[in-house]
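Hydrogens, waters and symmetry mates play no part in the numbers below; they use all other heavy atoms, side chains included. The chain is numbered in sequence order, starting from 1.
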Amino acid sequence: MPLVLQPAADGKKDVKSLLETLDRNKEWFDEMITKNSAVLLRGFDVENAVEFNDIVETLGWDDIRYVGPAPRTHIHKRIWTANEGPLSEFIYYHHEMVLIKEFPKKVILFCEVPPPEGGETPFVPSFRVTERMTEEFPEFVEELDKKGLRYTFTALSNDNTGSMRGRGWQDAFATSDPAEAERRAKALGMDVEWLANGGVKTILGPRCLTRVFEERKGRRMWFNTMVGMHGKELSSATMADGKEIPADVVKRCEEIIEEESIQFKWQKGDVLFLDNYATLHGRRPSLPPRKVLVATCK
């Protein structure tokens with residue numbers, strides 16, 4: 001992983017030729033993403049957000065708007081910046097929008113400016129985490145699969161790009177009206193508590209521990225954010241009944257995820273397609289500059 005697709009030695013590298021090839025091979029390309037969980041287009045002359053958007057639109061997948069805590073900026077049509085939180089911080093492994101009722105099938109990333117050092121986008125075959133956690137903690141996995149997980153997350157009153165989870169609720173819910181924000185939160189499967197400081201605490205649950213998706217060999221994906229939200233400043237993860245998750249289990253799960261991770265290093269012009277059903281992904285700390293753009297698709 002990933003499957004790497006490059007121009008033939010004597011082939012064309014221009015974006016127009018790439019778009020024509022993708023248009024002729026849409027079904028095959030889609031199958032390759034499902035089969036391999038990650039596909040990389042490398043060596044093509046993709047320069048900017050406009051050309052990246054052309055690639056996304058050529059493949060014909062429906063757009064899905066991002067909902068979550070990461071501060072992002074809209075760039076062009078379906079293209080946004082990836083998490084704009086401080087490059088010095090590690091963004092923990094996750095399935096995109098895993099806690100929301102509707103989440104993307106594909107996460108597509110484009111590297112406009114590769115970092116001089118660090119800044120990898122590591123990703124993890126999710127089923128491997130389930131397999132290893134089941135081997136080491138069979139009773140825990142069985143119990144949590146039955147009960148589910150309960151999460152809380154506190155959104156700030158306004159955006160704070162000094163935090164990788166600093167998206168304010170007005171931006172997150174695309175409204176400055178608290179009543180409308182609450183309505184939209186409930187439509188996404190969240191309960192809310194308004195805080196005295198103007199922020200909002202969202203409560204989600206029960207949510208699954210693992211999931212099985214069609215066309216993925218019946219594999220159980222580690223489809224949760226237990227480690228990423230457990231015991232953090234703005235978030236929590238417990239069993240759905242409120243019972244605490246043992247700290248040693250969370251720690252071991254964190255180790256397993258790291259052990260199974262693939263450290264993907266960016267090159268300029270790379271376009272990386274991730275099967276969001278099958279892979280967790282994150283971001284390593286980086287020296288600036290680093291500019292990676294993202295699109296999310298159904």
Side-chain angles (χ1 to χ4, degrees), residues 1-6 29-44 46 52 55 70 82-83 85 87-98 103-136 164 210-213 215-228 250-287 290-297:
M1 296 173 66
L3 171 68
V4 183
L5 302 178
Q6 297 174 289
F29 192 79
D30 203 348
E31 289 171 3
M32 289 303 99
I33 296 171
T34 301
K35 180 179 179 180
N36 296 277
S37 299
V39 174
L40 172 66
L41 297 177
R42 172 167 282 177
F44 298 94
V46 187
F52 177 37
I55 291 171
N83 192 320
L87 290 175
S88 58
E89 294 188 37
F90 175 44
I91 297 175
Y92 196 70
Y93 302 96
H94 58 285
H95 291 273
E96 200 68 35
M97 292 164 57
V98 65
F103 40 82
K105 185 176 182 180
K106 298 175 181 72
V107 174
I108 313 170
L109 299 160
F110 162 63
C111 182
E112 188 169 351
V113 180
E117 182 178 322
E120 296 89 352
T121 294
F123 53 90
V124 180
S126 190
F127 78 95
R128 285 290 299 144
V129 184
T130 304
E131 287 180 346
R132 293 186 58 183
M133 285 294 290
T134 302
E135 289 171 2
E136 296 193 29
M164 62 183 181
T210 67
R211 283 193 65 156
V212 177
F213 296 97
E215 300 179 346
R216 287 158 184 82
K217 301 181 180 180
R219 290 167 167 169
R220 291 168 63 198
M221 305 302 178
W222 192 252
F223 211 71
N224 64 76
T225 184
M226 179 184 78
V227 176
V250 177
K251 179 63 176 176
R252 182 58 187 141
C253 185
E254 181 178 7
E255 293 170 350
I256 288 171
I257 290 172
E258 190 61 54
E259 289 165 7
E260 294 293 335
S261 65
I262 295 163
Q263 305 303 309
F264 176 75
K265 188 174 179 63
W266 288 106
Q267 293 183 17
K268 181 176 174 57
D270 282 349
V271 183
L272 178 65
F273 297 76
L274 295 176
D275 178 358
N276 189 50
Y277 293 177
T279 56
L280 303 121
H281 69 278
R283 187 196 72 189
R284 290 287 182 206
S286 169
L287 291 179
R290 179 188 190 272
K291 189 172 184 181
V292 174
L293 306 181
V294 63
T296 45
C297 303

Subject >> Partner residues of Arg290 under the salt bridge (charged side-chain N to carboxylate O under 4.0 Å, His left out) criterion, sequence neighbours left out >> reply: none
Original post:
Taking only residues two or more places apart in sequence, or in another chain, which ones meet Phe110 in a ring-ring contact (aromatic ring centres under 6.0 Å, His included)?
Top reply: Phe52
**OP:** Look at atom CD of Glu215 and say whether more than 12 heavy atoms of other residues, nucleotides or ligands are closer to it than 6.0 Å.
**Re:** no
Subject >> Residues in side chain to side chain donor-acceptor pair (under 3.5 Å) contact with Lys291, at least two apart in sequence or another chain >> reply: none
**OP:** Output the distance between atom NZ (Lys106) and atom CG (Asp275), rounded to the nearest 0.5 Å.
**Re:** 7.0 Å
Subject >> Atom pair OG1 (Thr34) and CZ (Arg216), whose distance is rounded to the nearest 0.5 Å >> reply: 4.5 Å
**OP:** Check ring-ring contact (aromatic ring centres under 6.0 Å, His included) between Phe44 and all other residues, then give those that pass, not counting sequence neighbours.
**Re:** none
Subject >> Value rounded to 0.5 Å, distance of CZ in Phe264 from CG in Leu40 >> reply: 4.5 Å
**OP:** Find out whether Cys253 and Val129 are in side-chain contact, i.e. whether some heavy atom of one side chain is under 4.5 Å from a heavy atom of the other.
**Re:** yes
**OP:** Quick one: list whatever passes ring-ring contact (aromatic ring centres under 6.0 Å, His included) with Phe223, sequence neighbours left out.
**Re:** His95, Phe103, Phe213
Original post:
Measuring from Leu293:CG to Ile108:CD1, what's the distance to the nearest 0.5 Å?
Top reply: 12.0 Å
Original post:
Rounded to the nearest 0.5 Å, how far does OH of Tyr277 lie from CE of Met221?
Top reply: 11.0 Å
**OP:** Please name the pair of heavy atoms, one in Met1 and one in Ala38, separated by the smallest distance, quoted to 0.1 Å.
**Re:** CE-CB, 4.2 Å
Original post:
Partners of Arg128 by salt bridge (charged side-chain N to carboxylate O under 4.0 Å, His left out), sequence neighbours excluded?
Top reply: Glu131, Glu260
**OP:** Please name all residues satisfying salt bridge (charged side-chain N to carboxylate O under 4.0 Å, His left out) with Glu31, sequence neighbours left out, ordered by chain then number.
**Re:** none
Subject >> Partners passing side chain to side chain donor-acceptor pair (under 3.5 Å) against Asn224 (at least two apart in sequence or in another chain) >> reply: Trp222
**OP:** Work out which heavy atom in Pro115 is nearest to a heavy atom in Trp266; give both atom names and the distance.
**Re:** CD-CB, 4.5 Å
Original post:
Which one of Asp270, Leu41, Ile55 satisfies the side-chain contact (heavy atoms from CB on, under 4.5 Å) criterion with Val46?
Top reply: Ile55
**OP:** Return the minimal non-hydrogen interatomic distance between Glu89 and Arg283, and the atom names on each side.
**Re:** O-NH2, 3.1 Å
**OP:** Just jot down the side chain to side chain donor-acceptor pair (under 3.5 Å) partners of Glu96, sequence neighbours excluded, or say none.
**Re:** Arg72, His94, His281
Original post:
Looking only at atom types and distance, does a side-chain atom of Thr279 sit under 3.5 Å from a main-chain N or O of Phe123, one as donor and one as acceptor?
Top reply: no
Subject >> For Lys35, all residues meeting salt bridge (charged side-chain N to carboxylate O under 4.0 Å, His left out), sequence neighbours excluded >> reply: none
Original post:
Heavy atoms, side chains only, cut-off 4.5 Å: are Thr210 and Val212 in contact?
Top reply: no
Subject >> Results of side chain to side chain donor-acceptor pair (under 3.5 Å) for Gln263 - residues two or more places apart only >> reply: Ser261, Arg284
Subject >> Whether Asn276 side chain and Val107 backbone form a donor-acceptor pair below 3.5 Å >> reply: no
**OP:** Just jot down the side-chain contact (heavy atoms from CB on, under 4.5 Å) partners of Pro285, sequence neighbours excluded, or say none.
**Re:** Phe90
Subject >> Exercise: identify the closest heavy-atom pair between Ile256 and Met133 >> reply: CD1-SD, 3.8 Å
**OP:** Mind checking the CG-CG spacing from Asn36 to Leu274? Nearest 0.5 Å is all I need.
**Re:** 12.0 Å
